[in-house]
2 protein chains.
Amino acid sequence: MNKILTISEWEIMRVIWTLGEATSNQIIHIMYSKKKWQPSTVKTLLNRILQKGFLKTNGARRNRLYSPTIREHDAMSQTLQTTINSMCSMAIGSALIDLFDDIPLSHSDIVKLQTLLTQKIKNAPETINCDCLPGDCEDCK
Amino acid sequence: MNKILTISEWEIMRVIWTLGEATSNQIIHIMYSKKKWQPSTVKTLLNRILQKGFLKTNGARRNRLYSPTIREHDAMSQTLQTTINSMCSMAIGSALIDLFDDIPLSHSDIVKLQTLLTQKIKNAPETINCDCLPGDCEDCK
DNA sequence: ACCTATAGTTTACATCTGTAGACTTAAAAG
DNA sequence: CTTTTAAGTCTACAGATGTAAACTATAGGT
């Protein structure tokens with residue numbers, strides 16, 4: 001599946017991931033208090049997400065339960081990966097470093113990240129090549 | 001400016017950032033070899049980016065030079081930040097950790113990241129709260 | 001068994017995106 | 001000076017997205 005959740009769809013998915021499963025009614029109420037979205041908006045989004053395959057239902061004709069078909073975690077990585085794939089490989093590192101300044105990370109996240117980096121540095125290349133131009137990019141040296 | 005570059009627009013921007021500035025003709029050729037995009041496609045994209053304010057021109061009526069109004073770096077952080085803002089704060093950390101496994105990072109990027117984390121861990125909170133439901137999220141403990 | 005409220009389905013519509021052909025006009029060539 | 005060529009502008013069009021009203025049918029109440 002190469003579909004991608006949009007920003008609005010993410011808002012819906014977040015509440016379902018958090019609740020584990022939910023009825024449209026629940027989601028409608030939550031989205032109203034979070035965003036003042038109208039019931040129809042939520043219903044439309046729910047169907048679109050269903051079509052994209054990120055949600056499934058228990059099949060009930062009424063008070064149907066919606067639940068995720070993918071872990072939040074995996075969806076996040078996927079979405080971020082897609083975004084990053086359209087950017088210059090050479091510049092990703094420093095952009096992420098910048099980003100990290102603003103992103104709230106828990107103590108344990110940081111420890112995990114440090115462990116990962118300690119591993120990763122062992123085989124890290126000296127430089128990452130720019131892949132913005134066809135062929136070799138002389139300007140990137 | 002709260003505009004965001006789309007995936008296709010990123011492709012164009014990447015070459016301009018790499019070259020510093022460029023004529024439409026240059027970009028047309030490069031995009032043809034990279035993506036087989038037709039000249040019109042590039043022209044349209046160029047204008048849309050201009051309208052969004054991420055590019056400016058030198059005003060020439062012909063062989064006009066296009067150049068960025070924002071650093072690649074900053075555009076990257078901005079775009080990633082927007083994406084991340086629609087996700088659960090609590091889950092970002094571990095999603096990024098996952099991501100890092102696949103992202104190529106240079107030796108020096110990793111060192112910088114390590115330095116940053118060493119700083120960041122000093123004031124890191126024990127946990128980051130989930131912000132997917134309105135009010136306090138009991139399910140996230 | 002009948003009514004009603006509401007969950008679920010259809011339709012709507014403006015804007016954005018991806019992709020590109022057609023048209024205009026002025027710079028370059030002859 | 002006229003012609004040609006190509007850079008820049010306009011138009012196009014299907015599909016995605018954000019946002020929501022209108023419609024339908026049935027589960028649950030009386």
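Source: prediction; values computed, not measured. The chains referred to below are lettered A, B, ... by the order of the sequence lines, with proteins before strands, and numbering in each begins at 1.
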Would you say A:Leu96 and B:Ile103 make side-chain contact, with heavy atoms under 4.5 Å?
-> yes
Would you find a donor on one side and an acceptor on the other, under 3.5 Å apart, between the side chain of B:Lys43 and the backbone of B:Ile28?
-> no
Salt bridge B:Lys35-B:Glu11, side-chain N to carboxylate O under 4.0 Å = yes
What parts of residues 34-45 of chain B reach DNA chain D, counting only heavy atoms under 4.0 Å away?
-> B:Lys43
Taking DNA chain D as the partner, which of residues 79-88 of chain B come within under 4.0 angstrom of it by heavy atom?
-> none
Please check if any side-chain donor atom of B:Asn47 sits under 3.5 Å from a side-chain acceptor atom of B:Gln51, or the reverse.
-> no
Please assess A:Ile128 against B:Leu105 for the test side-chain contact (heavy atoms from CB on, under 4.5 Å), listing each intermediate value before the final yes or no.
-> CA-CA 7 Å; A:Ile128 306 292; B:Leu105 293 173; 5.7 Å; no
Using whole Å, report how far CG of B:Asn47 lies from P of D:dG8.
-> 9 Å
Are any of B:Arg61's side-chain N or O atoms less than 4.0 Å away from OP1 or OP2 of D:dA6?
-> no
Separation of C:dA7 P from A:Ile27 CD1 (nearest whole Å) = 12 Å
Is B:Lys34 positioned over the aromatic face of B:Tyr32, cation under 6.0 angstrom from the ring centre and no more than 45 degrees off axis?
-> no
Full working for side-chain contact (heavy atoms from CB on, under 4.5 Å) between A:Tyr66 and A:Leu50 = CA-CA 9 Å; A:Tyr66 293 82; A:Leu50 233 13; 3.5 Å; yes
Is a side-chain donor-acceptor pair under 3.5 Å present for B:Asn85 with B:Gln81?
-> yes
If you take all heavy atoms of A:Ile4 and A:Glu9, which pair is closest and at what distance?
-> O-OE1, 3.9 Å
Contact under 4.0 Å: A:Thr6 side-chain N or O vs D:dA16 OP1/OP2 = no
Let me know the distance between CG of B:Asn25 and P of D:dG8, rounded to the nearest Å.
-> 9 Å
Just call it for B:Leu46: base, sugar-phosphate, or nothing, with non-hydrogen atoms closer than 4.0 Å on any strand.
-> nothing
Can you tell me if the side-chain N/O atoms of A:Ser8 get under 4.0 Å from OP1 or OP2 in D:dT19?
-> yes
Of A:Ile4 and B:Leu65, the one whose nearest nucleotide on DNA chain D sits closer to the 5' end is B:Leu65
So does B:Arg62 get a side-chain nitrogen or oxygen closer than 4.0 Å to the phosphate oxygens (OP1/OP2) of D:dA6?
-> no
Nearest-nucleotide 5' precedence on DNA chain D, A:Arg48 against B:Arg48 = B:Arg48
What closest approach, in Å, do A:Trp10 and A:Met76 show between heavy atoms, and which atom pair accounts for it?
-> CH2-CG, 3.4 Å
Rounded to whole angstroms, how far apart are CD1 on A:Ile12 and C1' on D:dG18?
-> 12 Å
Separation of atom CG in B:Asn58 from atom P in D:dA7, rounded to whole Å = 14 Å
Rounded to whole angstroms, how far apart are NZ on B:Lys3 and C1' on C:dC16?
-> 9 Å
Atom CH2 of B:Trp10 to atom P of C:dT19: distance rounded to whole Å?
-> 18 Å
Return no unless some side-chain N or O of B:Arg64 is found under 4.0 Å from OP1 or OP2 of D:dG8.
-> yes
Report the distance from atom CG of A:Asn63 to atom P of D:dA25, rounded to the nearest whole Å.
-> 19 Å
